[in-house]
Amino acid sequence: MQEKYSHKLTDKKWQEYWRDAKLMSMDETSQKPKYYCLMMFPYPSAALHVGHGRNYIIGDAVARYMKMKGYNVLTPMGWDAFGLPAENAAIKNGVHPKELTFNNITTMKSQLEEWGVLYDWDREVASCNPDYYKWTQWLFLKLYEKGLAYKKEAAVNWCPGCQTVLANEQVVNGACERCSSEVQQKKLKQWFFKITDYAQKLLDDIQLLDGWPQRVKTMQANWIGRSEGAYIDFKVNGLDKTLTCFTTRPDTIFGATYMVVAPEHHYVEEILKISENKDKVLKFLEKIKGQSSFQRQSEQVEKEGVFSGLYVINPVNKDKIPLWIANYVIYGYGTGSMMAVPAHDQRDFDFAKKYNLDIKLVIDNPKDTLNGPSMKEAYEDIGVLVNSGKFDGISSSEAKTAITSWMQDNNMGKKAITYKLRDWLISRQRYWGAPIPIIYCEKCGIVPVKEKDLPVELPADVEFKPTGVSPLEDKKEFIEATCPKCGGVARREVDTMDTFVDSSWYYLRYLSPKNEKVAFEKQLVDKWLPVDQYIGGVEHAILHLLYSRFITKVLFDIKAVGFKEPFANLFTQGMIIKDGAKMSKSKGNVVSPDKLIEQYGADTVRVYTLFIGPPEKDAEWNDRAVEGAWRFLNKVWRLMHQTTQEGNFYITDDELIVKLTVKTNEVIKKVTFDIENSFHFNTVISSIMELVNVAKEVVDKQLESNSLKGKVESKSPYDVKETLEVICLLLSPLAPHICEEMWRNLGHSKSIFLHPWPKHNEKVLSQGQMEIIVQINGKLRSRINLDKGISEEQIKAAVLEDEKVKNLIANATIKKVIVVAGKLINIVVN
RNA sequence: GGGCGAGUGGUGGAAUGGCAGACACGUGGGACUUAAAAUCCCAUGGAUGAAUAAUCCGUGUGGGUUCGACUCCCACCUCGCCCACCA
C-alpha cells in the first residue's frame, strides 16, 4: 500500500474494472429481491456541472448501497434526446441536431464515468433513435384508438422566438420558458391528449403515493385544481339563448347582480351583432387585445369591463341583470362566463364599485350583522342566508346543496365539478421530435399510420429555418403518402410530438431496450415496476411526473401494464447554488467538475457533494470546502496505512477496545438508519468522520501505551482491521474508488460491492459506561458516568448519592424525579 | 391572495420533546521544517471573570403546553419556492 493516497492510482483503475466486470448490470436470473433505482434521464446538453452531479452521485450511492444490502439492482440510464435546444443550435451553427446530440451524449457519458457513477449501460436508450420513437408513436396510436388523442383548433401559446407552440406549462410569466420571448396567442389546429379524462384518477391516486414528498403531491393536486359547485343557466333577456356559468358558491345565487363573459367568449360575436352598445364593446375588445397575456394575468392590471347592452335573467328570482364583458374572466376555466356576486366576492365587489353596479347582501354574518350598502369589502365567509326566498335562515354551507338540488329539480342548473387541468397539447411545429403518426386523406380524413408501418422516420436532410411551420413541410418525400385505408393520395402530418411524450414512458423501455416487437414486455415491467426509487429535480414536480402518471394509467386501462402508478418512491434533490444563484452559463457561475476531479479525484468531489447539506435542500457550493473532503479521505488512507503496514495491529487495552468497538457499532447503526430513512448522506459522512477520529485516537493511545512499560494486556486483544473494514464498507457507496482500493489492501480478492453491508451488534453497544446528564429543574447541573444497562431506580439512587448533586439540592425538597433511560435525570425541587 | 418550505456561531450545517452548535469550513495560536507545503496538537457562540473556576444569556419575535421546547401548539415578522383575476 502506498504511503500517500493518490486518486490517480485508484480512479481509472477501478472505473475500468467495474465497467468490465459489469458491476451494476441487473441479473435477470437472480432470485434476490428487485430494486429499480432510476434517475430522471437528462437532456444531452453541452457539459455537466457539479449541480447536475449531485443527482447522479446520490443515485449512484443509493444503487451501490442497495446492491450491498443484497438486492438485484436495476440502475439504467438514457437520454431525453429530442428537443428544441439541439434544433436551435442547428439553425444557428448549421450542425445537424443528431450530430450535436450524440456528441453531447459522448461528453456526458465520459463525465459520468469520471464521477465513478455506474449504470447498466447495456440498457441505454435515446429517445431520438428510431427504435425508441417508433414506440413513442405506437403510444400515440394507442391513445388515438382510445379516443384520448384528438385534434382541434385552439388558441395556443405561440412563441415568436422559437417559432413554435408552447404548452401552458412552458409559459412562465407570459414568456417562453426557453427564450423568454413574450408569448402570443394564435389559433392553430393541434393534437391534444385528453388528460382531463384522467383528472379525477390522477387526483385520487395521489393517496397511493406514500413515498412521495408531500410538497410534490400538493403541487400536483393544486395543478389538477378540482373545485365543486354548480353550473347555472341564465337566459338572455328577450332571446332564445342561454348562458351557463360555473360557480363554487351556489349559495350566493340570489345575490348575483350582473353576469360577465370573457372577451374571447364565443358569444361575444353574437353580442356584437345585436348590441346597442356595439361601439363601446368594440373599443373595449380592441383595448384588451393590446394587452399581452402576461399583462392580463398580472395583478397590477385593473379589472376592466364594458356593458354588453344585453341583460340576462337570474333563474332563481327572475331578476333582470346586466351582462358585462370583462378582462378578469378567464376563457379557459369553467364556462368562460361567470355570475357576479359583489357582496360575497372581492373581485366582483371591486368591479361593482368601479362601475356602480348593485351590491346585494345574501349571506349575513351571524356574529356581526352586515349592511349591504355600507360594506367596505366583500363578505366571503360562511353565514346565514338572507334575501334568498325560501332559503332564508339556513346556513350557507347547507344552502350549497339545498339550492343546487332545488335548481336541478327546476332545470335551472346542476351540480358540477371543474378542474384547472387542461388537455395536454402535444403538437410541435418542429423537426427534432417524434413525428406524429397520422395521415390525412382527402377521402377518409384523419387516418392513423398502421402499427406495422412504424416508425415514421424523420428525414435526415432538411432545411432548418424558423418559418413557423415544421421544417418537414418542405420535405416532399416525407409529406407524400398513401392512405392506409383506401390507398389513395394523402399527406402526412408534419408536426412532431412534445418531448414530454418521449419521457412519459421511458422507464418501461429499460426492461427490454432492444426488443423490436413491443414497446415493453408486460411480464417484465409488471415484475420490475413501480420504480422503487425515482430521483430527480423538483422542477419536474408537475409536468413530467403528471404526464408519466397519466400515461401509466392509460396503459393500465388498456391492460398493457398491471400497475396504476409508475413511481413508488420519489426523491427530489435540492439545487446547488453558487454565489446565491442557480448555476447557469449566462450567469457565469458554473462550477465544472473536471478540474476538481483532476486535482482531488472523483471520491473527494463525491464526498463533498454529499457532505454539503441534506440532499433534498438547496445548498451553496464552496470550492474551498472541497479541501475538507480531500483531507478526510487522506486521513482514512493514512490510518489504513499506519495500521496495516507491519502485520496486524491489535488494541490491547480493555478501555480502548470498548471505546472503539462501541463507536464502530454505533456508527454502523446510525449510518444504516440515515441512508434507509432519509438519504441524509451529510450525517452519514459526519458519523464516519467521527468513527475515523475515534479510531485514530485509539490507535495513537495504543502506540503510546506500547512504549510504556507495565501496560495491562487484554485477554482478548482487538484487531483494528475489523473497524477498518467497517469504515471501508460504510464509506464505499460514497467514495467507491478509494474504498475498493483499501478493501483490496485489506486482503480481499473480490469487489467490496459484492460484500454484504455490515450489521451492528446490540450487545457491543451495551458495554462500558454512559454519561448521565443531571438536571435540576430542567437546567444542566452535573454529569455522572454510570455503567450501561442499570435500571432507572439504580440511576436515581446513584445520582442522589452523588456528593455534588447532594450539595446542589441541599436546601430544597425534592418534588419529583424524572429519569430518561440512558440519557438524563431531572430532579424537580422547590 | 393561496399553498409549501425555511429562519441555529464568521460559514455549511447537527440535534426520535432530554447536554444546543456534532461533523466540517474558516480564523487564531503552537509543534515539525533552513523555509514553505503537507501533517499533527490546542483554542474558537456571547457576556461577567485573572481564571483551566463559577454564573448568566443564547436557536427570527411574542405567547402557550411540559419536569424539560431548536423541536409541539397559537399569533406575528422575514426570506425562498410553487401557484395565482380559477368564479
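All values below were derived from every heavy atom in this structure, side-chain atoms included, with hydrogens, water molecules and symmetry-related copies excluded.
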Name the pairs: protein N/O against N/O of nucleotides 40-44 of chain B, kept only if under 3.5 Å.
{"unit_1": "B:C40", "atom_1": "OP1", "unit_2": "A:R638", "atom_2": "NH2", "d": "2.9"}

Just grab all the side-chain hydrogen bond (donor to acceptor under 3.5 Å, both in side chains) pairs involving residues 632-643 of chain A, residues at least two apart or on different chains.
->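 The answer is A:K635-A:N693.
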
Pairing string of RNA chain B (Watson-Crick or G-U wobble, both atom distances under 3.5 Å; | = paired to other strand) is (((((((..(((.....[....)))((((((.......))))))((((.....))))..(((((..]....))))))))))))....

Which residues in residues 775-784 of chain A have at least one heavy atom lying under 4.0 Å from any atom of RNA chain B?
->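 A:Q775, A:K779, A:R781, A:R783, in order of number.
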
Identify, residue by residue, the members of residues 663-679 of chain A with a heavy atom below 4.0 Å from RNA chain B, and return them in order of residue number, or none.
->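 Here the set is empty: none.
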
With respect to the side chain of A:M338, which nucleotide from B:C83, B:U16, B:A87 is positioned closest?
->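 In terms of side-chain proximity for A:M338, the closest of B:C83, B:U16, B:A87 is B:A87.
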
Measure from the side-chain heavy atoms of A:S227 and tell me the nearest of B:A87, B:A38, B:G18.
->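 Per side-chain heavy atoms of A:S227, the pick is B:A87.
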
Under a 4.0 Å N-O cut-off, is there an ion pair linking A:E304 with A:K287?
->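 So A:E304 pairs with A:K287 through a salt bridge.
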
Salt bridge check: are A:D700 and A:K696 linked by an N-O gap of less than 4.0 Å?
->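 Answer for the salt bridge query: yes.
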
Which part of the nucleic acid, if any, lies within reach of A:N693 when heavy atoms closer than 4.0 Å are counted: base, sugar-phosphate only, or nothing?
->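 If one applies the 4.0 Å heavy-atom cut-off, A:N693 turns out to touch the sugar-phosphate alone, with no base involved.
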
Contact class for A:D345 vs. all strands (heavy atom < 4.0 Å): base, sugar-phosphate, or nothing?
->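 Here A:D345 touches no strand at all.
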
Could you tell me which residues satisfy salt bridge (Lys or Arg N to Asp or Glu O under 4.0 Å) with A:R783, sequence neighbours excluded, listed by chain and number?
->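 With sequence neighbours excluded, A:R783 shows a salt bridge (Lys or Arg N to Asp or Glu O under 4.0 Å) to A:E771, given in chain and number order.
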
Taking only residues two or more places apart in sequence, or in another chain, which ones meet A:E762 in a salt bridge (Lys or Arg N to Asp or Glu O under 4.0 Å)?
->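 Partners of A:E762 under the salt bridge (Lys or Arg N to Asp or Glu O under 4.0 Å) test: A:K669.
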
Non-neighbouring partners of A:Q573 that pass side chain to side chain donor-acceptor pair (under 3.5 Å), sequence neighbours left out |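 Once residues adjacent in sequence are excluded, the partners of A:Q573 under the side chain to side chain donor-acceptor pair (under 3.5 Å) criterion are A:N55.
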
Taking ring pair (Phe, Tyr, Trp, His ring centres under 6.0 Å) as the test, write out the residues that go with A:Y419, two or more places apart.
->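 Once residues adjacent in sequence are excluded, A:Y419 has no partner under the ring pair (Phe, Tyr, Trp, His ring centres under 6.0 Å) criterion.
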
Ring pair (Phe, Tyr, Trp, His ring centres under 6.0 Å) partners of A:Y355, counting only residues at least two apart |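 For A:Y355 the ring pair (Phe, Tyr, Trp, His ring centres under 6.0 Å) partners, ignoring immediate neighbours, are A:W324, A:F351.
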
Quick one: is B:C67 close enough that its OP1 or OP2 comes under 4.0 Å of any side-chain N or O from A:K816?
->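 Result: yes.
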
Contact under 4.0 Å: A:R347 side-chain N or O vs B:C86 OP1/OP2 =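 Checking A:R347 against B:C86: at least one side-chain N or O falls below 4.0 Å of OP1 or OP2.
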
Tabulate protein N/O versus nucleotide N/O from nucleotides 10-13 of chain B, keeping only pairs under 3.5 Å, one per line.
{"unit_1": "B:G12", "atom_1": "O2'", "unit_2": "A:I612", "atom_2": "O", "d": "2.8"}

With sequence neighbours excluded, tell me which residues meet side-chain contact (heavy atoms from CB on, under 4.5 Å) with A:S227.
->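 Only A:F246, A:T248, A:Y333, A:T418 meet the side-chain contact (heavy atoms from CB on, under 4.5 Å) criterion with A:S227.
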
